[in-house]
Amino acid sequence: MRKPFIAGNWKMNNTVGESVKLARELLDAGSFKNKVLIAPPFTSLSEVSKIVKGTELLLGAQNMASVESGAHTGEISVLMLKDLDVNAVILGHSERRHIYGESNEIINTKVKLALHHGLDVILCVGETLEERESGNAEAVVKKQLVEGLKDVSPADIAKVVVAYEPVWAIGTGKTASPEDAQAIHLFIRNEVKAIYGEKEASELIIQYGGSVKPGNVVTLMAQEDIDGALVGGAALKAETFVPIMDFNK
Ligand code: PEP
């Protein structure tokens with residue numbers, strides 16, 4: 001039985017004060033029947049960490065450096081995230097891939113580094129509209145998955161969540177139909193089965209991301225292989241995120 005996992009990616013939004021307020025609102029209003037994580041911007045992690053400590057609300061980071069320390073101006077290390085009791089890190093988000101040019105190779109390095117230091121990983125995969133329309137969605141997702149998980153041990157795969165986020169559905173108001181999303185989720189599970197085996201695949205949490213809202217979360221989550229959601233825009237307000245966190249309350 002896979003426990004639903006809802007994650008909110010706040011992206012480059014919210015000052016420290018706004019972050020603290022939103023985290024408190026979620027703690028007050030949520031039932032935490034499902035697993036829930038928020039990923040504030042780096043500058044808010046320290047204060048939000050103090051608020052979520054000892055609660056059921058998990059803390060995520062939106063990215064991290066591919067090396068532990070050193071001359072990397074502007075980067076944030078896995079050690080700094082651990083120092084703030086961050087539970088998980090989102091890696092390979094499409095904005096990192098497409099705006100900042102992160103390759104599967106660099107994402108794989110980050111995945112292994114995060115796992116090595118005991119952080120959970122949300123590995124994002126997903127095709128662009130052009131790739132979908134040319135019939136390459138599965139091939140693109142497979143490459144991101146296989147290269148992103150390269151040399152990740154069977155023991156560590158239990159600490160990885162895969163988020164399927166079709167790039168054309170992120171922040172656009174367009175959602176993949178529940179059936180189209182389900183088809184790719186099943187494809188991902190089968191790919192993980194081919195690499196790791198039946199047990200690992202059946203336990204893998206696969207989130208859907210791309211304009212998830214209170215109005216579409218229930219039908220998406222009703223799909224067999226959709227186990228959670230990675231939410232951007234609708235994660236920025238308690239009034240829209242709480243109904244998603246508690247879609248099955
Ligand atoms: C995201 O940030 O991963 C995302 C899916 O954004 P949105 O929900 O706004 O489409």
Side-chain angles (χ1 to χ4, degrees), residues 1-11 13-14 17-41 44-45 47-62 85-90 93 120-124 159-166 169-182 185 189 202-249:
M1 188 60 185
R2 298 184 293 267
K3 185 173 180 174
F5 181 15
I6 309 293
N9 172 13
W10 295 0
K11 307 193 184 186
N13 295 291
N14 289 339
E18 289 163 343
S19 300
V20 164
K21 182 170 174 284
L22 180 51
R24 286 209 173 104
E25 287 169 355
L26 299 178
L27 282 168
D28 285 347
S31 75
F32 297 94
K33 176 180 176 182
N34 302 313
K35 187 171 166 181
V36 181
L37 173 143
I38 49 173
S44 296
L45 283 174
E47 287 304 311
V48 174
S49 178
K50 291 178 199 158
I51 287 163
V52 303
K53 196 180 171 88
T55 74
E56 289 179 280
L57 186 53
L58 299 168
L59 188 62
Q62 301 171 19
D85 294 327
V86 165
N87 305 102
V89 57
I90 299 170
H93 190 279
D120 289 354
V121 167
I122 298 178
L123 172 64
C124 302
K159 294 177 69 62
V160 176
V161 166
V162 175
Y164 169 60
E165 300 205 302
I170 296 179
T172 58
K174 291 183 193 149
T175 322
S177 73
E179 296 75 21
D180 283 347
Q182 162 59 24
H185 280 234
R189 200 175 304 286
S202 69
E203 289 173 357
L204 178 76
I205 297 292
I206 309 176
Q207 295 176 324
Y208 171 78
S211 299
V212 175
K213 308 273 182 251
N216 60 20
V217 66
V218 175
T219 37
L220 285 162
M221 290 298 297
Q223 301 297 311
E224 175 80 25
D225 290 286
I226 300 184
D227 311 310
L230 180 54
V231 186
L236 292 174
K237 286 199 163 42
E239 67 198 57
T240 46
F241 195 58
V242 172
I244 297 174
M245 279 160 57
D246 279 340
F247 74 95
N248 52 353
K249 197 180 146 194

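Positions are given from 1 along the sequence.
Closest heavy-atom contact between Val217 and Pro243: CG1-O, 4.5 Å. What you find for Leu37 and Ala88 is that their closest heavy atoms are CD1-CB, 3.7 Å. In this structure, Pro166 and Tyr208 approach most closely via the heavy-atom pair CD-CE1, 3.7 Å. Nearest heavy atoms, Leu204 versus Arg2: O-CD, 3.2 Å. The minimum heavy-atom distance between Val48 and Ala23, with the atom names listed, is CG1-CB, 4.0 Å. Smallest separation of non-hydrogen atoms from Pro41 and Gln62: N-NE2, 3.4 Å.
Screening Leu58, Thr55, Leu27 for a side-chain contact (heavy atoms from CB on, under 4.5 Å) with Phe32, the sole residue that qualifies is Leu27. The residue from Gln207, Arg189, Lys35 that alone fulfils the side chain to side chain donor-acceptor pair (under 3.5 Å) condition with Asp227 is Arg189.
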query = After noting the C-alpha distance and the side-chain angles of Leu123 and Val161, does the key distance pass the side-chain contact (heavy atoms from CB on, under 4.5 Å) rule?
reply = CA-CA 6 Å; Leu123 172 64; Val161 166; over 6 Å; no
Step-by-step side-chain contact (heavy atoms from CB on, under 4.5 Å) determination, Phe241 to Leu22 = CA-CA 10 Å; Phe241 195 58; Leu22 180 51; over 6 Å; no
ask   = Passes side-chain contact (heavy atoms from CB on, under 4.5 Å), Ser49 versus Val86? Steps please.
value = CA-CA 7 Å; Ser49 178; Val86 165; over 6 Å; no
query = Checking side-chain contact (heavy atoms from CB on, under 4.5 Å) for the pair Lys33/Met245: CA distance, chi angles, key distance, verdict?
reply = CA-CA 8 Å; Lys33 176 180 176 182; Met245 279 160 57; over 6 Å; no
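A salt bridge is absent between Lys50 and Asp85; no separation between the charged side-chain nitrogens and carboxylate oxygens falls under 4.0 Å.
No side-chain heavy atom of Val212 sits under 4.5 Å from any side-chain heavy atom of Thr175. Two residues are said to be in side-chain contact when any heavy atoms from C-beta on lie closer than 4.5 Å; Pro214 and Phe247 fail this criterion.
If you take CG on Leu220 and OG on Ser177, they are separated by 9.0 Å, rounding to the nearest 0.5 Å. Lys159 NZ to Ile205 CD1: the interatomic distance, rounded to the nearest 0.5 Å, is 14.0 Å. We find the CD-SG distance between Glu165 and Cys124 to be 4.5 Å, quoted to the nearest 0.5 Å. For the atom pair CD1 (Ile170) and CG (Asn9), the distance works out to 9.0 Å, reported to the nearest 0.5 Å. The CD1 atom of Ile226 sits 8.5 Å away from atom OG1 of Thr219, with the distance rounded to the nearest 0.5 Å. Interatomic distance, Arg24 CZ to Ile51 CD1, rounded to the nearest 0.5 Å: 4.0 Å.
Between His185 and Tyr164, the two ring planes are perpendicular [angle over 60°; tilted spans 30° to 60°].
Side chain of Ser19 to main chain of Ser44: no donor-acceptor pair is present (N/O by atom type, distance under 3.5 Å, no hydrogens or angles). Under a 3.5 Å cut-off, the side chain of Asn216 and the backbone N or O of Ser211 do form a donor-acceptor pair. Not one N or O on the side chain of Glu47 forms a donor-acceptor pair closer than 3.5 Å with the backbone of Val20. With hydrogens and angles ignored, the 3.5 Å screen pairs a side-chain donor or acceptor of Asn87 with a backbone N or O of Leu59. Remark: the backbone N or O of Gly232 is not paired with any side-chain donor or acceptor of Lys11 at under 3.5 angstrom. Between the side chain of Gln223 and the backbone N or O of Gln182 there is no donor-acceptor pair closer than 3.5 Å.
The 12-atom threshold is not exceeded at CD of Glu224, counting heavy atoms of other residues, nucleotides or ligands nearer than 6.0 Å.
For the residue pair Asp246/Asn34, the side-chain donor-acceptor check at 3.5 Å is not satisfied.
For Lys213, the salt bridge (Lys or Arg N to Asp or Glu O under 4.0 Å) test picks out no residue, with sequence neighbours left out.
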